[in-house]
Amino acid sequence: MKEIGSRGMGAIVGLVGVTFRVWAPNVNSIFVMGSFNGWRDNEYPLEHENDGYWAVHVDLANNGDEYKFVLYNGENKITKNDPYARKLTNSMGNSVVIDLRKDREEHHFQISSFNELVIYEMHIGTFNRDGVENGGVGNFFSAVQRLDYIRDLGINAIEIMPVMEFAGDNSWGYNPAHPFAVESGYGGPEGLKHFISEAHARGIAVIMDVVYNHFGPSDIDLWQFDGWQENDLGGIYFYNDYRAKTPWGENRPDYGRKEVRNYLRDNALMWLDDYQCDGLRFDATAVIRYLDSENTNNKAELEEGYRFLQELNGEIRDIFPHKILIAEDLKADPVVTSGVMLNGLGFHSQWGLGFANQIKRVLLELEDKHRNLQLVVESLFFAFNNDVFQRVIFTESHDEVANGSSRLPEEIQPGDANGEYAKKKSTLGAIALLTAPGIPMLFQGQEFISYGHFSDTVGLDWERQTMFNGISGMYRDLIGMRNGRDEAMVGLTGHLTETLHFNQDTLVLAYSRSHADHRERPVIMVLNFSNQTYYNYKFGVPIGGKWRVKFNSSWKGYDENFSGTEVTSVSAKGPFEGKAHSVLVDVPAFGGIILIR
């Protein structure tokens, strides 16, 4: 039944009426009931087609009607929501008939080149709660109100934390109860379509975070859907043996069943096609491909999960060659971003903790004498399969700023995230992030020194954006250099990185980035991880002539606490440290400068 696709399953709206189709291989009979027939549970029986699929056409049903299935397994009568329901009244409510293709407007939008992406991770429920009635959760419509700000920041891709219908209104989203439905508290399918349309109109791509490693654990009608189960486990959509175990319960989908693989495949294609998302970020792919991903000593692979990811990514790449596939794998395994033809998983890029962990270790060290500059170098020069853009890098993400951790400024200066060191060190991390090889990602509010830890019950404090407008401006300047729109900064979109200067005593690191097609336009970063400002600091450069200071983190326009060290241009001198030329620059404490020709 793979050819059916998602549009052949669930509630299919026709010119007249609705066809209801469901997979339930272990039932004797099924009925559909709803608002179209006064919820009479024995009026519309579904006919058995084949392979456990059942269907019926109901002339009286229409777009907007609520409905449920009534399944009979022997004497057992079960009432369930549609596994393919694209909309629910709420996670404990009813399925709702909706045609996602109705009144569809084709966006004809294409995501920026992957080497130019700057991603902004967003949690819809907390991103913008300002003005939401009765202090409710943020939603797609309130988020749209801040999209001009995101555009002006220079962001060209938003990654949305999962919006599959989940239990309650407050959640990170990693507990999907109804995978095809969009969280009702956020505004449902209509809200998501509006958000994506408005983002695209501003030149911003939307990447959807999806969860295929487990379902639930609560409010899941998929559980024992048609009454069959083994070992008191989940039934047809889940493994019913030792393979069911995940870090979130015994709720791993059965990748060995073609119907379950099709279910997940149809879900992925729905986000990319019906909603016109520009890519997918897969949560915890190691849980899909390993039996026990948390036990580093247990390397037992779940072969069926591995093949599922390969097949899905291969198909998506064929159908949507310009959309991006990102894995949160966290195993630093090059196979994740190797091509399917090479027996890799076929993702374009993957999250890795190496960059965040190493940069944070350097920034959180209290004394200069214990700060290890080599960690910064290692974080800069790591690449999967010799492709620097096969990794997504960050200093803050939803996991990095919760689960016992806090926002970076808070960790640098506990209790005083507004303090001088918190501002200088966290923005130094941002300079490294936005100039390092890789696809950089910010977490919402990072650009205005958000503090504390991330919680799904607390909205982003937008007053801080006004309070730290200068810091926000620094991020805007850095993003504008990184996102490919400034031709002078083309080096930051290239694969080539070279260390020009490394000094563990002064804690100064200088490196260049360049593009293979524009080697005459390298970009040079000089970062100072010490608490000392250096004047007339000398290091070697590969090309002579005049260099211009494009960026200086100590500019007082960014923050009044900053030193105000100002240099506009420097001229190359004689050879130094094996380089044909050298320059003298002033480098601010816990800061950096960027030079271009």
Side-chain angles (χ1 to χ4, degrees), residues 115-116 373-374 376-381 383 386 388-389 428 430-438 440 474 477-530 532-555 558 563-597:
N115 64 329
E116 297 176 351
L373 198 59
Q374 181 61 30
V376 180
V377 174
E378 290 171 7
S379 67
L380 291 176
F381 283 87
N386 297 314
V388 300
F389 300 107
L428 176 56
I431 300 167
L433 169 68
L434 289 161
T435 60
M474 180 193 291
D477 289 348
L478 288 165
I479 294 166
M481 293 180 228
R482 178 61 188 80
N483 63 18
R485 295 171 189 169
D486 185 342
E487 290 185 4
M489 307 301 294
V490 67
L492 293 182
T493 66
H495 277 274
L496 308 174
T497 307
E498 180 186 3
T499 300
L500 303 177
H501 176 80
F502 175 97
N503 191 318
Q504 178 61 42
D505 294 328
T506 60
L507 294 175
V508 173
L509 173 68
Y511 55 97
S512 68
R513 296 277 314 281
S514 55
H515 193 291
D517 297 334
H518 305 280
R519 291 174 186 263
E520 78 286 356
R521 280 187 277 165
V523 180
I524 291 178
M525 280 59 64
V526 189
L527 305 187
N528 180 5
F529 287 86
S530 82
Q532 301 292 317
T533 295
Y534 297 108
Y535 299 96
N536 292 318
Y537 194 92
K538 188 175 185 178
F539 67 95
V541 294
I543 303 175
K546 183 167 280 192
W547 290 83
R548 183 160 66 90
V549 178
K550 176 73 172 177
F551 170 87
N552 183 346
S553 68
S554 68
W555 180 48
Y558 294 142
S563 63
T565 308
E566 289 191 27
V567 182
T568 55
S569 66
V570 292
S571 295
K573 310 293 183 187
F576 184 69
E577 292 184 332
K579 297 289 185 293
H581 310 275
S582 62
V583 292
L584 297 172
V585 294
D586 296 344
V587 194
F590 293 127
I593 61 171
I594 298 175
L595 302 174
I596 59 173
R597 292 188 75 223

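The CG atom of D505 sits 11.0 Å away from the OG atom of S530 when rounded to the nearest 0.5 Å. Here the CD1-CD1 distance, from I594 to I431, works out to 6.5 Å after rounding to the nearest 0.5 Å. Distance CE/M525 to CG/L434: 11.0 Å, rounded to 0.5 Å. How far CZ of R548 is from CD1 of I596: 4.0 Å, rounded to the nearest 0.5 Å. For the atom pair CG (D477) and CG (N552), the distance works out to 11.5 Å, reported to the nearest 0.5 Å. Taken from CG in N115 to CZ in R482, the straight-line distance is 7.0 Å, to the nearest 0.5 Å.
Within the 4.5 Å cutoff, no side-chain heavy atoms of H581 are placed close to those of V583. The shortest side-chain heavy-atom distance between T533 and D586 does not fall under the 4.5 Å cut-off. Counting heavy atoms from C-beta on, the side chains of P588 and N528 never come closer than 4.5 Å. In this structure, Y537 and I593 have side chains that are not in contact, with every pair of non-hydrogen atoms separated by 4.5 Å or more. Using a 4.5 Å cut-off on side-chain heavy atoms (C-beta onward), T499 and L380 make no contact. A heavy-atom distance below 4.5 Å is found between the side chains of V549 and L595. T435 has its side chain within reach of Y511: a pair of non-hydrogen atoms, C-beta onward, lies under 4.5 Å apart. Counting heavy atoms from C-beta on, the side chains of L428 and S553 never come closer than 4.5 Å.
With sequence neighbours excluded, no residue satisfies ring pair (Phe, Tyr, Trp, His ring centres under 6.0 Å) with F529. Under the ring pair (Phe, Tyr, Trp, His ring centres under 6.0 Å) criterion, H515 pairs with H518, sequence neighbours left out. Judged as a ring pair (Phe, Tyr, Trp, His ring centres under 6.0 Å), and not counting sequence neighbours, the contacts of Y558 are F551, W555.
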Go through the steps for N503 and F539 under the test side chain to side chain contact (heavy atoms under 4.5 Å, CB included), then give the verdict. CA-CA 10 Å; N503 191 318; F539 67 95; over 6 Å; no

Please evaluate residues T497 and R513 with respect to the criterion side chain to side chain contact (heavy atoms under 4.5 Å, CB included), reporting the C-alpha separation (whole Å), side-chain torsions for both, the decisive distance (0.1 Å), and the verdict. CA-CA 5 Å; T497 307; R513 296 277 314 281; 3.3 Å; yes

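The minimum heavy-atom distance linking L527 with G592 is given by the pair CD2-CA, 4.1 Å. Of all non-hydrogen atoms in E498 and F381, the two that sit nearest each other are C-CZ, 4.1 Å. The two residues S582 and V541 make their nearest non-hydrogen contact at N-CG2, 4.0 Å.
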Return all side-chain donor-acceptor pairs below 3.5 angstrom for residues 570-579, not counting sequence neighbours, or 'none' if the list is empty.
{"from": "E577", "atom 1": "OE1", "to": "H501", "atom 2": "ND1", "distance (Å)": "2.9"}
{"from": "E577", "atom 1": "OE2", "to": "H501", "atom 2": "ND1", "distance (Å)": "3.4"}

May I have the list of side-chain donor-acceptor pairs in residues 484-496 shorter than 3.5 Å, sequence neighbours left out?
{"from": "D486", "atom 1": "OD1", "to": "A488", "atom 2": "N", "distance (Å)": "3.0"}
{"from": "D486", "atom 1": "OD2", "to": "K550", "atom 2": "NZ", "distance (Å)": "2.9"}
{"from": "T493", "atom 1": "OG1", "to": "V490", "atom 2": "O", "distance (Å)": "2.7"}

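Side-chain atoms of R597 never come within 3.5 Å of backbone atoms of G545 as a donor-acceptor pair (strictly under, hydrogens ignored). Looking at Y534, its side chain does come within 3.5 Å of a backbone N or O of T506 through a donor-acceptor pair.
Applying the salt bridge (charged side-chain N to carboxylate O under 4.0 Å, His left out) test to residues at least two apart or on different chains, none of the pairs has a partner in residues 514-523.
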